[in-house]
Amino acid sequence: MSKQAIGPIRRSFAPWDDPAAKPLIEYRGVTKRFGDFVAVENLDLKIYTREFFALLGPSGCGKTTLMRMLAGFEDPTQGDVILDGKSVVGVPPYRRPVNMMFQSYALFPHMNVEQNIGFGLKQDGMSKADIAVRVAEMLKLVKLEPFAKRKPHQLSGGQRQRVALARSLAKRPKVLLLDEPLGALDKKLRQETQFELMDLQQELGMTFLVVTHDQEEAMTVADRIAVMDKGKIIQVATPSEIYEQPNSRYVASFIGDVNMFEGKTVPTADGITRIECGALGMAIESEGSHKPAAGEAAWFAVRPEKVRLTSDAPPDAAGVNAVPGEVWDIAYLGDMSIFHVKLANGQVMTATRANISRIVDKPIGWDDKVWLSWDRNAGVVLQG
Amino acid sequence: MNKGPSWFNLTSITLGMAFLYLPIVLLVIYSFNAGRNVAIWEGWSTKWYFALWQDQQMLDAAWVTIRVGLLSASVATILGTMAAITLVRHSRFFGRSLFSGMVSAPLVLPEVILGLSLLLLFVSIGFDRGFWTMTIAHITFTMCYVAVVVQSRLVSFDRTLEEAALDLGCPPLRTFFSITLPLILPAVISGWMLAFTLSLDDLVIASFTTGPGATTLPIKIYSQVRLGVSPQINAICTIIIAVVSVGAIVASLQLKRAETERRRAEQMAAAGR
């Protein structure tokens, strides 16, 4: 691919692109069945040291089962789970060098903050003095020094979350597992904590594996995301790749909003894919790595913010990457507005506009006739 | 609108109070009767309490009762808790419904039948009846009460707490003693107290399974009452009532204090301090 996807690129940290890199965690052909229900199906996945990896999917997609197999609470029905070069199948949870932060935090209610954080260290037979030092260090890390003697029920939700985090970090595990770590926090606190988690992971240089159903959370914190559905991984990629180059309708619609069109591929000479959408009398031309064979049915996806909304037909469009419609709904969100535009075939397309000036000359209103158009590199042709 | 208690509330309070407390109050008052006759009031006296103190048989019976109660309640608590854990945690094993049925059977089975079957067992294996047979019998019928109490606590127990302990490197048995047991302890203690109380005032099963030299207080009182109610009996009953009420009041005060403390702490936490 000649062109680079936009989005943050973290200091060329990309061990997954290096064929010589040895993964820290590897799932090999893992299947997990509960009775007749298949939670995870023949799944392969590699996660590398110091990576912040997110498993993303709706509830019941198998992401939590995948994490619990690494923690040791479940064993795979088939396949192997390898941690740091050794298979961990059959190793009980209390002998695995991974720690987990539970969705419900699972703080021990009869112990104070200090005792909670020190619990894992005590199990390792660490001396009292050393435990005290490490616990103090952890309290400082999560900024909870004044609360050391409090019991969990004397803490707010955000504070509890920090105790749970400190407790799971205290043993310096090879991998920290986070099960919906921010699910119980309100939105503002969640956003703050997301950034704190990222900083923490960078600071400690640890491998984090997070399970979440919140795409925004996954996009914010993770180096790479695995999008899962029905026990299978649909796509593994960086957040920007997932957003800008989704490989399927499932991924495209799971992450963010998207407009999708179905059409038939027609032959073209150069590196451009041309899809004709008969129902709309429009052709789509796209530059992209995935090129379906001519004559094949294909799906095209374009994000709302990459769609231009104009009152007049774009010049020299000639029915390519441009379609007329009528404004159906407008949502004004302050920083931007969302337009729902109804096309000739009844399909509703979404376009967003950043509100970059306070006053507009000719505002677009309800029922206005408008044109939607986009560039050749604005959208992607999906693989399935 | 709320204008004080309605006639319905007044009636139910009066009737309830009368039915519950009148017999007890009468008993307490008559324990201080100076006369020998139980039904005729002859003035205040504490002499029956002193007489009780002199009555070696009564004191022996009390001592046997307490020993049987402490021992059987403790063993029943251990066995009942183990049964509860198995029943809640292992949803499927061979003979589960049989086991669960047997655990709750003594709750519904008439005591006479239970006493008789235990007696038959002890006779058939040639176990000399006395202190030990009575203790075993009490373990049998009190352990199911413990199991029921502990079971209801375990059902609402958050098992991720145990998973968290395992995850932090704590082996299963240690997890039970450092996490599970402390958290279900209130239920275990109330199970123990229930077992102890049941053992204290059991008459039927005790009389089936007892032998020479092991007379409990209920057996003693019952046999004496058959000869005629003496004010001494009233005195010992008053002492039992006093002990039980003090225990109940202390326990409920303790519970109340813990509750207010917890609520205050939660409010503080919610305020973010």
Side-chain angles (χ1 to χ4, degrees), chain A residues 64 67-68 70-74 91-113 115-126 146-147 150-160 163-164 166-171 173 175-177 179 189, chain B residues 81 85 88-93 96 150 152-191 254-273:
Chain A
T64 304
M67 170 180 274
R68 288 172 64 85
L70 193 57
F73 298 124
E74 313 283 357
V91 179
Y94 49 93
R95 292 218 189 90
R96 295 193 184 200
V98 297
N99 285 135
M100 181 159 168
M101 191 188 131
F102 290 79
Q103 184 176 8
S104 61
Y105 309 148
L107 298 177
F108 306 131
H110 57 304
M111 298 183 191
N112 66 23
V113 170
Q115 290 164 328
N116 261 287
I117 296 174
F119 184 84
L121 304 171
K122 209 170 121 190
Q123 305 310 317
D124 286 357
M126 202 186 241
F147 303 100
R150 292 252 183 117
K151 289 272 183 73
H153 67 259
Q154 295 168 308
L155 300 173
S156 69
Q159 290 165 345
R160 279 181 218 180
V163 177
R167 188 179 68 179
S168 51
L169 283 171
K171 289 182 77 172
V175 185
L176 178 68
L177 309 174
D179 187 5
L189 195 57
Chain B
T81 306
I85 290 168
V88 173
R89 297 293 166 81
H90 301 279
S91 50
R92 255 175 242 169
F93 60 88
R96 184 185 189 277
V150 175
S152 66
R153 171 67 187 93
L154 276 175
V155 166
S156 64
F157 186 85
D158 180 10
R159 292 205 68 188
T160 55
L161 293 174
E162 287 170 357
E163 285 188 345
L166 290 174
D167 185 66
L168 290 164
C170 192
L173 192 67
R174 212 191 304 160
T175 296
F176 175 78
F177 284 108
S178 59
I179 305 294
T180 319
L181 191 59
L183 292 174
I184 63 166
L185 200 60
V188 173
I189 288 173
S190 56
Q254 197 75 19
L255 214 71
K256 214 171 183 176
R257 224 185 55 189
E259 181 67 18
T260 38
E261 199 135 299
R262 196 180 60 83
R263 216 171 274 166
R264 219 188 40 223
E266 263 170 15
Q267 276 166 2
M268 258 171 71
R273 275 177 291 129

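So you know, we letter chains A, B, ... as the sequences are listed, proteins then strands, and number each from 1.
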Check: Are any non-hydrogen side-chain atoms of Ser178(B) and Phe119(A) less than 4.5 angstrom apart?
Finding: yes
Note to self: Out of Lys171(A), Arg96(A), His110(A), Met100(A), return the one with the most heavy atom pairs under 4.5 angstrom to chain B.
What the structure shows: His110(A)
Next item on the list: Examine whether an atom of Leu107(A) lies under 4.5 Å from a heavy atom of chain B, and if so say whether it belongs to the side chain, the backbone or both; otherwise answer neither.
Entry: backbone
Notebook entry, point to check: Just wondering, do Leu166(B) and Pro92(A) contact through their side chains at under 4.5 Å, heavy atoms?
Noted result: no
Note to self: At a 4.5 Å cut-off on heavy atoms, which part of Met111(A) comes close to chain B: side chain, backbone, both, or neither?
What the structure shows: side chain
Notebook entry, point to check: With chain A, which of Arg159(B), Arg174(B), Glu163(B) has the greatest number of heavy-atom pairs at distances under 4.5 Å?
Noted result: Glu163(B)
Check: Under a 4.5 Å heavy-atom cut-off, does chain A meet the side chain of Asp158(B), its backbone, both or neither?
Finding: side chain
Check: So with a 6.0 Å cut-off around CZ of Arg96(B), is the heavy-atom count from everything else above 12?
Finding: yes
Checklist line | Approximate separation, where rounding is to 0.5 Å, of Asp167(B) CG and Arg68(A) CZ | finding: 10.0 Å
Next item on the list: Compare every heavy atom of Ala164(B) with every heavy atom of Phe102(A), then report the nearest pair and how far apart it is.
Entry: CE1-CA, 3.4 Å
Check: Can you tell me how far CG of Asp124(A) sits from CG of Leu168(B), rounded to the nearest 0.5 angstrom?
Finding: 9.0 Å
Next item on the list: Check whether Ile179(B) gets within reach of chain A through its side chain, its backbone, both or neither, counting any heavy atom under 4.5 Å.
Entry: both
Next item on the list: Please report the shortest heavy-atom distance between Thr160(B) and Ala106(A), naming the atom on each side.
Entry: O-CB, 3.7 Å
Check: Rounded to the nearest 0.5 Å, what separation is found between the OG1 atom of Thr175(B) and the CD atom of Gln123(A)?
Finding: 7.0 Å
